[in-house]
Amino acid sequence: MTEMLSYDFMQRALLAAVLVGITAPAVGIYLVQRRQALMGDGMGHVAMTGVGLGFIFQTSPVWMAVLVCVLGAVTMELVRSRGNQRGDIALAMLFYGGMACGKLLVSLSAEAGSGSLESYLWGSILTVAPADLAAIAVLGTVVIAVTVGLRRQLFAICQDEDFARVTGLPVRTLNLLLAVMAAVTVTVAMRVVGLLLVSALMVVPVVAAQQLTRSFAATQAASIALGVVVSLAGVTGSYHLDVPSGPAIVLLAIAVFAVFSALAAPLARRRHRGNTEHGPKVCDGRLPVQGPERTSSDTTTPERRAGLAQ
């Protein structure tokens with residue numbers, strides 16, 4: 001561990017892993033609530049165009065990918081909000097066109113080789129430069145501030161847009177803001193996890209945390225903690241095993257999900273048993289006796305009582 005931390009590139013990689021581990025689940029929990037778990041995967045395809053433009057114009061691929069991915073996210077949200085039956089086809093065209101355009105632009109660039117493209121597709125701890133780390137820090141801070149600071153409003157639109165609109169929330173603005181934050185998260189994570197696997201880090205820690213938690217706040221906190229743990233463990237493992245960091249992080253996240261799923265059923269049974277043992281007693285349902293209480297030894301018939309009363 002001491003030897004690993006002595007390298008500057010590993011220090012940058014671990015810092016980037018922490019930021020990505022926090023950012024991806026913080027956005028992913030809202031996508032899971034809206035049943036849009038694959039949205040991050042589509043944005044990863046669109047971000048490829050930004051990477052290609054960055055190579056063509058010899059600028060930072062990260063910032064160029066942010067610009068292209070944000071435009072793609074806004075387009076996706078506008079298509080989704082209209083509820084057009086052909087919206088899925090339009091989104092498919094956007095996703096596949098983004099990846100094809102990105103590959104074409106990268107191939108036309110004189111400076112980008114296959115190794116450079118692989119680092120963006122699958123992630124690489126060796127490619128996190130100081131400028132990349134600064135961009136990840138700035139963008140990650142913005143995403144965390146929005147997703148945590150507007151937690152109640154974003155949760156409301158994810159649960160029921162109609163109810164949120166009735167309460168006076170700016171639903172369209174919040175939807176666009178969430179889409180933009182998801183797009184930014186994709187570009188933040190692409191150097192560590194890779195564009196092809198970033199969606200997994202946004203979703204898997206969330207669904208793993210849901211196995212053991214029972215509230216939105218607890219799920220968000222647990223998923224962020226899991227994201228940080230698997231990101232750090234994956235980057236560390238990729239250093240020692242000389243493998244790409246993205247696949248290592250995702251496989252660790254899936255392993256955690258499998259373990260939590262195995263623990264979920266026994267834990268649920270234990271909670272149910274505890275509620276049954278310590279819960280309120282079931283009443284016998286008999287009507288309360290009016291007047292002086294009658295003991296079980298009082299076997300006087302109604303006819304007998306009527307005669308005594310006379």
Side-chain angles (χ1 to χ4, degrees), residues 13 16-17 19-21 23-25 27-28 31 36-56 59-76 91-109 112-129 131-133 135-136 139-140 143 179-205 227 230-231 234-235 238 243-251 253-254:
L19 292 171
V20 170
T23 306
V27 173
L31 301 183
Q36 296 178 341
L38 296 180
M39 184 177 180
D41 187 51
M43 289 185 181
H45 294 173
V46 176
M48 275 289 297
T49 300
V51 174
L53 289 174
F55 284 130
I56 288 290
T59 59
S60 172
V62 175
W63 289 107
M64 191 62 71
V66 169
L67 177 61
V68 173
C69 205
V70 166
L71 293 176
V74 172
T75 303
M76 291 167 57
L91 292 180
M93 295 293 182
L94 180 65
F95 296 161
Y96 301 141
M99 175 160 281
C101 184
K103 173 60 178 176
L104 181 62
L105 291 174
V106 171
S107 65
L108 293 176
S109 173
S114 60
S116 300
L117 181 59
E118 287 286 321
S119 67
Y120 286 96
L121 292 177
W122 303 104
S124 175
I125 60 175
L126 300 177
T127 58
V128 181
D132 296 329
L133 182 60
I136 292 172
L139 297 174
V143 172
V180 170
M181 291 301 102
V184 172
T185 301
V186 169
T187 56
V188 165
M190 67 180 181
R191 301 310 299 266
V192 177
V193 186
L195 293 174
L196 297 181
L197 297 175
V198 62
S199 181
L201 190 59
M202 297 170 70
V203 173
V204 177
V230 298
S231 296
V235 170
S238 66
V243 295
S245 57
I249 292 173
V250 172
L251 289 177
I254 294 175

| request: List in chain and number order the residues that pass side-chain contact (heavy atoms from CB on, under 4.5 Å) with Ile136, two or more places apart in sequence or in another chain; answer none if no residue qualifies. | output: Ala16, Leu19, Val188

| query | Under 4.5 Å between any side-chain heavy atoms of Met202 and Met39, yes or no? | reply | no

| message | When you compare the side chain of Val192 with that of Val235, does any pair of heavy atoms fall below 4.5 Å? | response | yes

| request: May I have all residue pairs that pass salt bridge (charged side-chain N to carboxylate O under 4.0 Å, His left out) and include part of residues 61-75, sequence neighbours excluded? | output: none

| Residue pairs, two or more places apart or on separate chains, that pass salt bridge (charged side-chain N to carboxylate O under 4.0 Å, His left out) and touch residues 39-48 | none

May I have the list of side-chain donor-acceptor pairs in residues 63-71 shorter than 3.5 Å, sequence neighbours left out?
none

| request: Could you list the residues that satisfy salt bridge (charged side-chain N to carboxylate O under 4.0 Å, His left out) with Asp132, not counting sequence neighbours? | output: Arg191

| message | Against Trp122, only a single residue in Leu197, Val250, Leu195, Val193 fulfils side chain to side chain contact (heavy atoms under 4.5 Å, CB included); can you say which? | response | Leu197

| query | At what distance, to the nearest 0.5 angstrom, does CE of Met99 lie from CG of Leu196? | reply | 5.0 Å

| How far does CE of Met48 sit from CG of Leu105, to the nearest 0.5 angstrom? | 9.0 Å

Would you name the heavy atoms of [X] and [Y] that are closest together and state the gap between them?
X      : Y      : result
Ser231 : Gly21  : OG-CA, 3.5 Å
Ala179 : Met43  : O-CE, 3.5 Å
Val198 : Gly40  : CG1-O, 4.1 Å
Pro25  : Gly227 : CG-CA, 4.1 Å
Val186 : Ala47  : CG1-CB, 4.4 Å
Pro205 : Ala200 : CD-O, 3.6 Å

| field | Thr23 (side chain) donor-acceptor with Thr185 (main chain) under 3.5 angstrom | value | no

